[in-house]
2 protein chains.
Amino acid sequence: MAIKERKEREKQEMRNLIIESATQLFLKQGYDKTSIRSIADDIEYSPATIYLYFKDKDEIFYVIHENAFDILDKHLRQHDGIADPFERLGAIGRTYIKFGLENPDYYDLMFIMRAPMEQIKNEEKWKAGECAFGYLLTTLSECLEQKKIRPAELHVTAIMVWSFVHGLVSLYVRERMCILMMEDDATREVLYSSLDLFMANLKT
Amino acid sequence: MAIKERKEREKQEMRNLIIESATQLFLKQGYDKTSIRSIADDIEYSPATIYLYFKDKDEIFYVIHENAFDILDKHLRQHDGIADPFERLGAIGRTYIKFGLENPDYYDLMFIMRAPMEQIKNEEKWKAGECAFGYLLTTLSECLEQKKIRPAELHVTAIMVWSFVHGLVSLYVRERMCILMMEDDATREVLYSSLDLFMANLKT
DNA sequence: GAATATAATAAACACTGTTTAGTAAATGCA
DNA sequence: TGCATTTACTAAACAGTGTTTATTATATTC
């Protein structure tokens, strides 16, 4: 019965085709403008076909969402080698911000958008997200252990750090940094200087 | 020619009627579900009539957006009496967070949503927003003058502070704090503890 | 080869924001 | 007062959206 396996493979290939097209369109023109019909056009199938492979639009973007978390995770883990946890924390922070500025659409989908949240709240609660957040927790608990930062409850510290970098990126991504009335390059410099100041304040 | 004045008044009344209805619907069911047709239904006029008073949906929500900034501004200014700028800063922070948690839809419209941003970028650049941000700048420059906080460039410091509180509120409002896997009350407590920790780190 | 299961789609449904063409009432002027 | 003009309003349409249903053509099973 190799036919069933082939069918399964073909089904997965079709799902991949849809995800690839959706990702490409999404990164090119954003979530709202990526309609089911535009994906269907792109892969040269009818819109209804897409619903044979995905429950709804959210399910498609939940897969992209998961992929984005994998990419961020790879970026952050590249600092695993840094022995000093405080230095590692700084590197993670810079990389997080860099990821957000360079992949605003991914960042939006992961941490700002409301759309595919129904999926996220179910499933293995934040699977991918827990991973990156877990990495922050481990790094911070090392910092606390070695008294590199002010003693405080681990989760409170983690939320403080995450909120700060998320605030930086999300205000930038959603164009609220225009209040600075600076050129884009100057604005980005303020962001990174702001991270340096934050880290200086954090240090014991 | 009192007729012209009456007509002008009636026009303004109609605009107010639309805004009131839109605000009420928006706060009850959010931006996306507040359609032009639902507003029209509510005020018992045809959808096309609304377009005689507002250019498009964005223009309606830009007015609500402005009103929301007025409300936030009033909340923040209530701490004008606090003489010590560092204490005042803490009070402003708490009030900012409280406003966000208690008015998530207003907060969303003001600092997260993409929708009525076209309007904001034009007009008297951030008029209302500059006001609240300006208040933060004054308070922080007093803190710097009196050496209550670590010396640093004013705008860098302001962005650090704003990003942090915005991060807190926006992660909460867009339901990313569920990563803590805590009850809502406990999560809110973490937020406020996180503010306390941030302020402690900020202090010289 | 006939019966069944699978894959794909055209067309429709119920929405959305917005525009256009046409109607009825209020106003300005003689 | 009577007529022309401006104003206020709307029904209907347009071009989209996500999603569902009924139907057709193909592939698989027996």
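Hydrogens, waters and symmetry mates play no part in the numbers below; they use all other heavy atoms, side chains included. To find a chain, count down the sequence lines: A is the first, B the second, and so on, and within it residues start at 1.
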Checklist entry - Between Y53(B) and N16(B), is a side chain to side chain donor-acceptor pair (under 3.5 Å) present by the stated rule, with each step listed? => result CA-CA 10 Å; Y53(B) 296 90; N16(B) 289 343; over 6 Å; no

Checklist entry - Which listed nucleotide (dT18(C), dA7(C), dA10(C)) is nearest to the side chain of P47(B)? => result dT18(C)

Checklist outcome for this item: Atom CD1 of I43(B) and atom P of dA8(D) are separated, to the nearest Å, by 15 Å

Next on the checklist: Angle between ring planes, F111(A) versus W162(A), binned at 30° and 60°: parallel, tilted or perpendicular?
Outcome noted: perpendicular

Item to check | Nearest-Å distance for atom pair CD1/C1', residues I39(A) and dT17(D) | outcome: 13 Å

Checklist entry - Quick one: is dA8(C) close enough that its OP1 or OP2 comes under 4.0 Å of any side-chain N or O from T49(A)? => result no

Next on the checklist: Counting only side-chain nitrogens and oxygens, does S35(A) get under 4.0 Å of the OP1 or OP2 atom of dT17(D)?
Outcome noted: yes

Next on the checklist: Test your reading of the model: is there a side-chain donor-acceptor pair from S163(B) to the backbone of M160(B), 3.5 Å cut-off?
Outcome noted: no

Checklist entry - Where the side chain of D185(A) meets the backbone of R188(A), is there a donor-acceptor pair that is under 3.5 Å apart? => result no

Item to check | d(CD, E10(B); P, dA26(C)) in whole Å | outcome: 11 Å

Next on the checklist: Please report the distance, rounded to the nearest Å, between CG in D32(B) and C1' in dT17(D).
Outcome noted: 12 Å

Checklist outcome for this item: Out of dT19(C), dG18(D), dG17(C), minimum distance to the side chain of A48(B) belongs to dT19(C)

Checklist outcome for this item: Which of dG18(D), dA8(C), dT10(D) is nearest the side chain of L52(A)? It is dA8(C)

Checklist entry - Atom CD1 of I60(A) and atom P of dT17(D): how far apart are they, to the nearest Å? => result 14 Å

Item to check | Spacing between K11(B) atom NZ and dT7(D) atom P, to the nearest angstrom | outcome: 9 Å

Checklist entry - Relative to the 5' end of DNA chain D, which residue comes earlier, Y45(B) or K57(A), by the nucleotide with the nearest heavy atom? => result Y45(B)

Item to check | Separation of atom CD in E59(B) from atom C1' in dG17(C), rounded to whole Å | outcome: 14 Å

Checklist entry - Counting side-chain heavy atoms from CB outward, which of dT18(C), dA8(C), dT19(D) is closest to R37(B)? => result dT18(C)

Checklist entry - Roughly, in whole Å, what's the span from CD1 in I50(A) to C1' in dT19(D)? => result 12 Å

Checklist entry - Touch check for Y53(B), heavy atoms < 4.0 angstrom, all strands: base, sugar-phosphate only, or nothing? => result sugar-phosphate

Checklist entry - If you check the Y51(A) side chain, which of dG18(D), dT16(C), dT10(D) turns out closest? => result dG18(D)

Next on the checklist: If you assign each of K33(A) and M14(B) to its closest nucleotide in DNA chain D, which residue comes earlier from the 5' end?
Outcome noted: M14(B)

Next on the checklist: Under 4.0 Å, heavy atoms only, any strand: does T34(B) hit a base, just the sugar-phosphate, or nothing?
Outcome noted: sugar-phosphate

Next on the checklist: Check the orientation of Y96(A) and Y107(A). Use parallel for under 30°, tilted for 30 to 60°, and perpendicular for over 60°.
Outcome noted: perpendicular

